[in-house]
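The structure appears below as structure tokens.
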Amino acid sequence: MYAITMKRGILLAAFGSGSSQGESTLRRFDAQVRKAFPDVSVRWAFTSMLMRERLASERKKSDSVHKALKKMAFEKFTHVAVQPVHVIPGLEYGDIVSDADELRADGTFASLVVGAPLLTESQASVDRAARALLAELPSGRAPGEPVLFMGHGSRHAAESRYEALAAAVRERDPLVLMGTLNGTIRLEHIVEHLRASGRPFDRVWLLPLLAVVGRHTLEDMAGDSEHSWRSRLEAEGIACVPVLRGMMEYQGFMDIWVGNLAQAMKGWG
Ligand SMILES: C[C@@]1(CC(=O)O)c2cc3[nH]c(cc4nc(cc5[nH]c(cc(n2)[C@H]1CCC(=O)O)[C@@](C)(CC(=O)O)[C@@H]5CCC(=O)O)C(CC(=O)O)=C4CCC(=O)O)c(CCC(=O)O)c3CC(=O)O
Ligand SMILES: [Co+2]
């Protein structure tokens with residue numbers, strides 16, 4: 001058996017971002033990954049075709065997961081770990097796994113592994129994320145002020161992960177609530193819950209449960225349109241303090257995604 005010279009690579013996979021804040025968030029994460037694995041090449045893939053096209057029109061190059069893996073195969077990488085920076089094992093995450101499955105079937109890599117998203121079916125992953133989230137609540141939050149997190153939500157069964165996280169967080173702090181844009185726990189459920197608590201509060205803090213600040217945060221959460229969470233809460237007479245920081249800007253969450261990557265790399269054998 002000839003000895004293959006091991007060439008190891010990491011492929012980080014995000015939805016993609018074109019904003020300067022989003023790009024600096026991804027760059028900070030990139031630096032943390034390179035620091036954690038100094039002798040492994042780090043590449044990026046953006047999963048959103050829409051984002052890749054938007055960047056291409058601004059002459060910024062970006063690869064899909066499939067294309068990035070093809071390039072790494074061409075460059076003779078033997079061991080590759082793909083690490084998504086997604087929150088749930090939903091549809092977007094599933095696309096990444098199927099891209100990896102396809103390339104693995106090619107047999108071009110000696111080993112191709114995919115890391116877990118922030119939340120998996122394990123309660124340990126939910127509790128770990130709940131602790132990271134509660135460790136980073138806005139410093140200006142006065143006692144008794146509710147904090148609302150807006151997740152993306154999904155029609156995929158992985159939607160249950162948001163509910164699991166919401167329960168784990170509420171257990172630790174009953175005034176930290178979570179809902180999703182396109183999921184089962186909607187904003188109206190959160191408002192009902194707040195009203196039912198009977199506790200007086202002047203304002204609520206509004207944070208994205210999204211890795212990177214993008215349109216969903218800027219428009220759907222904090223935007224001026226009447227459909228945004230902020231506008232709908234203000235229409236209910238509830239003042240809002242939006243915090244435009246993606247989850248990947250918090251050390252605790254970066255540590256979880258880096259930890260998932262380290263775990264996946266153990267699968268290289
Ligand atoms: C399946 C689908 C919905 C459906 O059809 O059910 C879906 C699902 C999910 N998206 C997620 C994440 C993000 N989606 C966006 C943005 C957009 N998402 C859109 C479409 C779709 N998104 C449908 C697939 C359409 C397709 O792929 O062809 C766009 C194009 C249209 C729209 O939704 O408005 C809009 C472009 C906005 C623009 O114009 O820029 C951003 C960026 C941002 O915030 O703006 C993030 C990263 C947030 C972050 O950084 O965390 C997650 C959570 C993943 C996770 O973290 O786990 C899920 C759930 C899951 O994966 O199951
Ligand atoms: Co989306």
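Both counts, for ligands and for their atoms, begin at 1 and track the order of listing.
- Around ligand 1 you find Phe15, Leu50, Arg54, His86, Val87, Ile88, Gly90, Leu91, Glu92, His152, Gly153, Ser154, Arg155, Leu210, Ala211, Val212, Gly214, Arg215, His216, each with a heavy-atom distance below 4.0 Å.
- No side-chain heavy atom of Asp220 sits under 4.5 Å from any side-chain heavy atom of Trp229.
- Put simply, the side chain of Arg161 does not reach to within 4.5 Å of the side chain of Leu118, judged on heavy atoms.
- Residues satisfying the side chain to side chain donor-acceptor pair (under 3.5 Å) test with Gln251, not counting sequence neighbours, are Gln32, Asp255.
- For Glu145, the salt bridge (Lys or Arg N to Asp or Glu O under 4.0 Å) partners are Arg203, not counting sequence neighbours.
- A 4.5 Å side-chain heavy-atom check between Phe15 and Leu210 finds every atom pair outside the cut-off.
- Taking Ile, Leu, Val, Met, Phe, Trp and Tyr as hydrophobic and joining them when side-chain heavy atoms fall under 4.5 Å apart, one finds Leu50 isolated, its cluster having no other members.
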